[in-house]
Amino acid sequence: MGLAAYGDPNSTAYKLLRDLIDFKDGTIRLDLNYFAYYLRPSRSAVSEAFIHRFGPPRLPDEPVTARHHDIAAAVQHVLEDALHYLLADLHQQTGLKRVALGGGTFMNSVFNGKIMSSTPFDEVFISSCPDDSGTSIGAALYTHCVLLEAERGPAMRHNYYGPFFAQTAIDEALSLAKLRAPAVDDPADAAAHALAEGKIIGWFQGSMELGQRALGNRSILADPRSVRMRDQVNSAVKFREPWRPFAPAVLAEDFATYFGPEPAVYFMERTLPVRDEVRNLIPAAVHIDGTARPQTVTVDTNPLFHRLITRFRDRAGVAAVLNTSFNLAEEPIVCSPQDAIRTFYSSGLDLLFMGNRVLTK
């Protein structure tokens with residue numbers, strides 16, 4: 001998704017890939033001469049014919065070239081072609097205007113942000129965990145709503161269903177590690193102050209998020225006002241490719257200032273165009289194509305995180321912070337205080353906020 005923005009969506013690679021896929025009768029058909037994902041055992045998703053058609057795969061240490069940009073763009077746009085077709089067919093069959101979508105494909109936030117503008121649906125729900133990690137929630141909801149015919153509750157607006165660690169557990173982890181971390185009266189205000197001074201912080205609070213998106217409880221936070229901050233987080237903290245974008249967590253009451261009259265984005269599940277007049281305010285969180293994958297932060301779903309961004313707005317004049325998941329490359333999001341401490345000392349983070357404790361280096 002991130003690399004696709006650097007490529008040409010109408011390149012030769014797009015035409016070569018599009019020719020391998022056929023849309024008919026509400027289904028998608030692939031030319032299986034070029035794919036191997038359905039074979040077991042198979043070490044590759046594609047066949048030798050595919051490699052002959054598109055060129056050799058890039059090795060981990062090889063540079064990313066324009067060819068790779070175009071192949072990424074081709075895959076992204078053919079995927080969008082297929083999903084547009086399926087959703088249009090679904091609407092034609094049902095006549096409905098509201099749709100709930102699941103499956104790992106709908107981790108594709110770039111496409112998700114285009115659904116309402118490019119399909120007949122005018123209301124879309126995608127959970128924080130549309131991939132396999134959400135199966136347990138789906139099974140529970142199916143049992144509750146369908147098998148037991150019980151009353152449906154409101155749609156999910158947060159994903160804070162993971163483990164919770166009380167301040168006593170945090171203090172015990174610090175003590176076992178022989179670390180001194182002073183307490184602060186107002187962690188949100190102290191964190192906002194640190195962000196405004198250019199610090200990169202680990203933010204460990206409350207219950208862990210369910211799914212791949214850290215939404216203000218297991219987050220790495222930074223000042224979005226400088227592109228240099230994005231590069232610093234990528235190189236010194238996340239240890240990942242420089243073309244991968246970061247996301248802004250935005251106050252609900254200021255969301256329209258940055259993204260116009262869009263519905264709330266509670267789970268960072270959609271990528272949206274950032275309004276032209278404010279892109280220069282949060283350049284570290286805006287991708288090369290002028291889009292961002294925002295989180296709408298409300299005072300009722302996460303009052304502490306909302307307060308942090310509010311206090312940052314008071315200091316910096318920007319109602320958003322750069323928010324990325326609290327983990328290093330190839331690692332899961334931190335869960336416990338011990339995870340947070342290890343990740344803090346394994347990266348270029350400046351401060352670690354855990355409950356009301358602040359750990360420094």
Side-chain angles (χ1 to χ4, degrees), residues 1-22 28 30-83 103-114 131-132 212-213 220 227-247 268 271 284-293 322 324-325 327-333 346-348:
M1 290 182 287
L3 193 61
Y6 292 81
D8 177 6
N10 297 309
S11 69
T12 301
Y14 170 78
K15 298 177 178 63
L16 289 173
L17 184 60
R18 183 65 182 80
D19 286 345
L20 304 182
I21 302 174
D22 181 49
I28 308 296
L30 282 69
D31 185 338
L32 295 183
N33 292 309
Y34 293 88
F35 299 93
Y37 65 87
Y38 63 97
L39 299 174
R40 293 292 183 269
S42 175
R43 296 183 178 182
S44 175
V46 298
S47 68
E48 288 297 323
F50 187 98
I51 294 172
H52 179 75
R53 189 180 183 93
F54 292 97
R58 186 183 71 88
L59 299 176
D61 295 329
E62 289 183 335
V64 177
T65 68
R67 180 176 76 91
H68 303 120
H69 296 170
D70 287 347
I71 291 173
V75 173
Q76 175 66 31
H77 286 83
V78 169
L79 172 68
E80 293 181 13
D81 291 345
L83 293 174
T105 300
F106 292 103
M107 292 296 295
N108 193 298
S109 58
V110 174
F111 174 74
N112 294 346
K114 300 176 182 179
D131 66 320
D132 289 351
Q212 289 78 5
R213 310 301 188 201
I220 291 172
V227 172
R228 288 180 301 174
M229 185 59 69
R230 176 195 67 199
D231 298 337
Q232 187 176 349
V233 174
N234 255 333
S235 61
V237 180
K238 296 289 282 189
F239 307 118
R240 66 182 198 175
E241 302 91 343
W243 42 264
R244 294 180 63 176
F246 289 112
M268 286 185 178
T271 296
V286 179
H287 200 31
I288 190 174
D289 58 358
T291 65
R293 179 169 50 86
L322 186 153
T324 187
S325 55
N327 65 290
L328 307 183
E330 308 299 330
E331 293 189 359
I333 299 174
S346 302
S347 68

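Sequential numbering from 1 along the given sequence is applied to the chain's residues. Bear in mind the structure is a predicted one, so any value in this text is a computation, not a measurement.
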Are the side chains of Leu20 and Leu30 in contact, using a 4.5 Å heavy-atom criterion? no
Does atom CD of Glu62 have more than 12 heavy-atom neighbours, drawn from other residues, nucleotides or ligands, at distances under 6.0 Å? yes
Decide yes or no on side-chain contact (heavy atoms from CB on, under 4.5 Å) for Glu241 and Val64, but give the supporting numbers first. CA-CA 10 Å; Glu241 302 91 343; Val64 177; 6.0 Å; no
Full working for side-chain contact (heavy atoms from CB on, under 4.5 Å) between Thr291 and Val286: CA-CA 6 Å; Thr291 65; Val286 179; over 6 Å; no
Polar side-chain atom of His287 near backbone of Gly2 as donor-acceptor pair, under 3.5 Å: yes
Closest heavy-atom contact between Ala82 and Ile28? CB-CD1, 4.0 Å
Heavy-atom nearest pair, Ile288 first then Ala5, reads CG2-CB, 3.7 Å
Got a sec, which residues hit side chain to side chain donor-acceptor pair (under 3.5 Å) with Asp31, two or more places apart in sequence or on another chain? Asn33
Where Ala236 and Phe239 come nearest, the two heavy atoms and their spacing: O-CZ, 3.4 Å
Is it the case that the side chains of Asp131 and Gln212 hold a donor-acceptor pair, with the cut-off being a distance below 3.5 Å and no angle test? yes
Do Val78 and Ile21 have side chains that get closer than 4.5 Å, going by heavy atoms? yes
Determine whether more than 12 heavy atoms belonging to other residues, nucleotides or ligands lie under 6.0 Å from atom CZ of Arg18. yes
Heavy-atom side-chain contact between Pro332 and Asn327 under 4.5 Å: no
Test item: Phe111 and Leu79 side chains (from C-beta on) under 4.5 Å apart, heavy atoms: no
May I ask you to test the Ser346-Leu328 pair for a side-chain heavy-atom distance under 4.5 Å? yes
I'd like to know if the side chain of Arg53 reaches the main chain of Leu16, judged simply by a donor and an acceptor atom lying under 3.5 Å from each other, with no hydrogens or angles considered. yes
Would you indicate whether the side-chain heavy atoms of Asn112 and Thr271 approach each other to under 4.5 Å? no
Could you tell me whether a side-chain N or O of Asp70 sits under 3.5 Å from a main-chain N or O of Ala13, the two making a donor and an acceptor? no
Non-hydrogen atoms of Phe50 and Tyr34 that approach each other most closely: CB-O, 3.1 Å
List for me each residue that meets side chain to side chain contact (heavy atoms under 4.5 Å, CB included) alongside Arg67, sequence neighbours excluded, and say none if there are none. Pro56, Thr65, Ile71
Would one find more than 12 heavy atoms of other residues, nucleotides or ligands at under 6.0 Å from atom CD of Glu48? no
Think Arg240 forms a cation-pi with Phe246, using NZ or CZ under 6.0 Å from the six-ring centre and within 45 degrees of its axis? yes
Please list all pairs meeting side chain to side chain donor-acceptor pair (under 3.5 Å) that have one or both residues in residues 74-83, counting only residues at least two apart or in different chains. Tyr14-Asp81, Gln76-Glu80, Gln76-Asn108, Glu80-Lys114
Got a second to check how far Leu3's CG is from His69's NE2, nearest 0.5 Å? 5.0 Å
Do you know which two heavy atoms are closest between Ala4 and Ala72, and how far apart they sit? CB-O, 3.7 Å
If you round to the nearest 0.5 Å, how far is OH of Tyr37 from OG of Ser47? 11.5 Å
Reported CD1-to-CZ distance for the pair Ile333 and Arg213, which is rounded to 0.5 angstrom: 9.0 Å
Answer yes if the side chains of Lys238 and Ser325 hold a donor-acceptor pair under 3.5 Å, and no otherwise. yes
Which is it for Met268 and Ser109 under the side-chain contact (heavy atoms from CB on, under 4.5 Å) test, yes or no, and what are the steps along the way? CA-CA 8 Å; Met268 286 185 178; Ser109 58; over 6 Å; no
